[in-house]
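Structure record follows, encoded as structure tokens.
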Amino acid sequence: MINIAVDGYAGSGKSTLVKLLEKKLDGQVKVLDTGAIFRGFAYAYDKAKYGELSETKIKDFLKKTSLKVEFVDGNQRVIVNGEDVTDFIRTETISVLSSKISNYPEVRARYLVIAQTFASENGCIMEGRDIGTVVMPRADVKFFLTANEETRAKRRFADAKIKNPEVTYENVLKDMQERDFNDSNKGEASLRATEESIIVDNSDMTLEETAEYCMDIINKHIKNKKVVNITIDGYVCSGKSTIARALAKRLKFNVFDTGAVYRGIACAFDYMKLDENKIDEDYIERFAKQINVKVEFIGDLEHVFVNGIDWTGHLRTEHISSLVAKVSPFVCIRKKVLKLQRDYARTHNLVMEGRDIGSYVLPHADFKFFTTADEMVRAKRRFEQQKAMGNDVDFAKVLKELQQRDYSDTHRDHGELKMVKDSIIVDTTNQNCDQSVEFCIEKIREKRPDIMVY
């Protein structure tokens, strides 16, 4: 997955550039039209007939308004309160209102959540004035487009002339100069390059030449990318946890244990002496805002820190197992853990296993393995595990419970177990862990012979 930020001055060709890059990257990225988000809010505000803009009205409006972005057949759609408004947001009235409504901090905060969530879940390109500084400060590649004033004014004049034959070059130049000033004086959201930004002056370049220049830089980044993420999803007792640990050892990668993170959060809940009997959405949301969760690997062992306390030695008690089941289902907790997973994956080689890691958590992982095995073989493994633990179990009961677990895992409303189109199937029915790991390594070597195997 790659995130590309394109900022720059009016008339520098940002919008055209991102379309050209999207085409050249051929399905690796989506272009998020951030302006359409503000237009969607403007359309909804106008439709609700709130009248003249004010901070009080905006706050009330946002409480009653949900907006999300979806892609249908590769095209971005803006959904407001369940209604697809994409075809109604390009009028002059909405354009003017969008410009005004985007200045309200509350609207901008909502926009940031939408844009940043999108960037965390997709390979994408965004263009604007503060994408690399505020919206995607961790973008993999940041371009800052510029050109001399005369060149930019001529470009804008040519575009404006098509829409309005009476427009003059002088008026276009004046408007552009005012836009430059306004864009450069918007506080935190001001137009500016970062230390990582690659300045692209295309005064003497066509937009196609600009795109080729940028693609050279993007390709070098992709080629030199050192972080490798491997996901392993699969059915219960198909061997995914064992394979994940063995594969990580052969590659000298870390295994990110998501369950340990949830257990660490439960430990913090217990340590803060919060009341289990009061658990509901509001109670957990207040708790989530009070905690800072971090993961560090010391040697090969994952340590979970919550508010600076290392809970690693306290994760496996019966009480915590019971408590984590009560705390973990809430959306605010899941989002906090999801952000931690994705942030860690951006900067570390890792293997992560679960039921929705390749399909949802890390949809752009370098390798996605999906483990499976014959149902009876899996049931036999679970039966033998239980017997080894000294439990008096019945095979028929174990088989039924496994079938119920399979159904539950594949029919969840969120985070269901599923194979995605780029999954590599690992059938462990007739092979042991070592054989399964060798199969995975063979697949990795086919695509990435540069990855060291030990």
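These numbers come from the heavy atoms of this one structure, side chains and all, not from hydrogens, waters or symmetry mates. From a predicted model like this one, the values you see are computed outputs, not experimental measurements.
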Backbone N or O of [Y] within a donor-acceptor pair of the [X] side chain at under 3.5 Å?
| X | Y | value |
| --- | --- | --- |
| S190 | G187 | yes |
| N3 | D140 | no |
| E83 | V80 | no |
| K240 | G234 | yes |
| N229 | A345 | yes |
| K23 | V18 | no |
| D7 | F144 | no |
| S98 | A42 | no |
| R382 | L399 | no |
| N202 | S12 | yes |

(request) Could you label the plane-to-plane angle of the F297 and Y344 rings as parallel, tilted or perpendicular, counting under 30° as parallel and over 60° as perpendicular? (result) tilted
Side chains of [X] and [Y] in contact at under 4.5 Å (non-hydrogen atoms):
| X | Y | answer |
| --- | --- | --- |
| C237 | Q385 | yes |
| L32 | V69 | yes |
| T371 | S436 | no |
| W311 | V306 | yes |

(message) Quick test of your reading of the model: are E195 and K142 salt-bridged, counting only N-O distances below 4.0 Å?
(response) no
(request) Go through the steps for E212 and K24 under the test salt bridge (charged side-chain N to carboxylate O under 4.0 Å, His left out), then give the verdict. (result) CA-CA 9 Å; E212 288 295 337; K24 291 176 184 295; 2.6 Å; yes
(request) State yes or no: are the ring centers of F369 and F439 separated by less than 6.0 Å? (result) no
(request) Just jot down the side-chain hydrogen bond (donor to acceptor under 3.5 Å, both in side chains) partners of S328, sequence neighbours excluded, or say none. (result) none
What pairs of donor and acceptor atoms, side-chain ones from residues 255-269 against any protein atom, are under 3.5 angstrom apart with sequence neighbours left out?
{"from": "D257", "atom 1": "OD1", "to": "G259", "atom 2": "N", "distance (Å)": "3.1"}
{"from": "D257", "atom 1": "OD1", "to": "A260", "atom 2": "N", "distance (Å)": "3.2"}
{"from": "D257", "atom 1": "OD2", "to": "R316", "atom 2": "NH2", "distance (Å)": "3.3"}
{"from": "T258", "atom 1": "OG1", "to": "Q341", "atom 2": "NE2", "distance (Å)": "2.7"}
{"from": "R263", "atom 1": "NH1", "to": "L315", "atom 2": "O", "distance (Å)": "2.6"}
{"from": "R263", "atom 1": "NH1", "to": "S321", "atom 2": "OG", "distance (Å)": "3.0"}
{"from": "R263", "atom 1": "NH2", "to": "S321", "atom 2": "OG", "distance (Å)": "3.1"}

Side-chain H-bond candidate by donor/acceptor type, [X] with [Y], under 3.5 Å:
| X | Y | value |
| --- | --- | --- |
| E353 | S241 | yes |
| S197 | T194 | yes |
| N254 | H348 | no |
| R381 | T428 | yes |

(request) Among R77, R39, R90, find the one that has a salt bridge (charged side-chain N to carboxylate O under 4.0 Å, His left out) with D33. (result) R90
(request) Apply salt bridge (charged side-chain N to carboxylate O under 4.0 Å, His left out) to D159 and R155, showing your working. (result) CA-CA 6 Å; D159 290 339; R155 290 172 182 167; over 6 Å; no
(request) Taking the six-membered ring of F367 (Phe, Tyr or Trp), confirm whether the NZ or CZ of K443 is under 6.0 Å from its centre and within 45° of its axis. (result) no
(request) Would you indicate whether K186, at its atom NZ, is surrounded by more than 12 heavy atoms from other residues, nucleotides or ligands within a distance under 6.0 Å? (result) yes
(request) List the steps, then state whether salt bridge (charged side-chain N to carboxylate O under 4.0 Å, His left out) holds for K63 with E106. (result) CA-CA 11 Å; K63 288 178 182 177; E106 296 85 358; over 6 Å; no
Please table the atom pairs, donor to acceptor, closer than 3.5 Å between any side-chain atom in residues 126-139 and protein atoms at least two apart or in another chain.
{"from": "E127", "atom 1": "OE2", "to": "S15", "atom 2": "OG", "distance (Å)": "2.9"}
{"from": "R129", "atom 1": "NE", "to": "A189", "atom 2": "O", "distance (Å)": "2.8"}
{"from": "D130", "atom 1": "OD1", "to": "R108", "atom 2": "NH2", "distance (Å)": "3.4"}
{"from": "D130", "atom 1": "OD2", "to": "R108", "atom 2": "NH2", "distance (Å)": "2.0"}
{"from": "T133", "atom 1": "OG1", "to": "D130", "atom 2": "O", "distance (Å)": "3.3"}

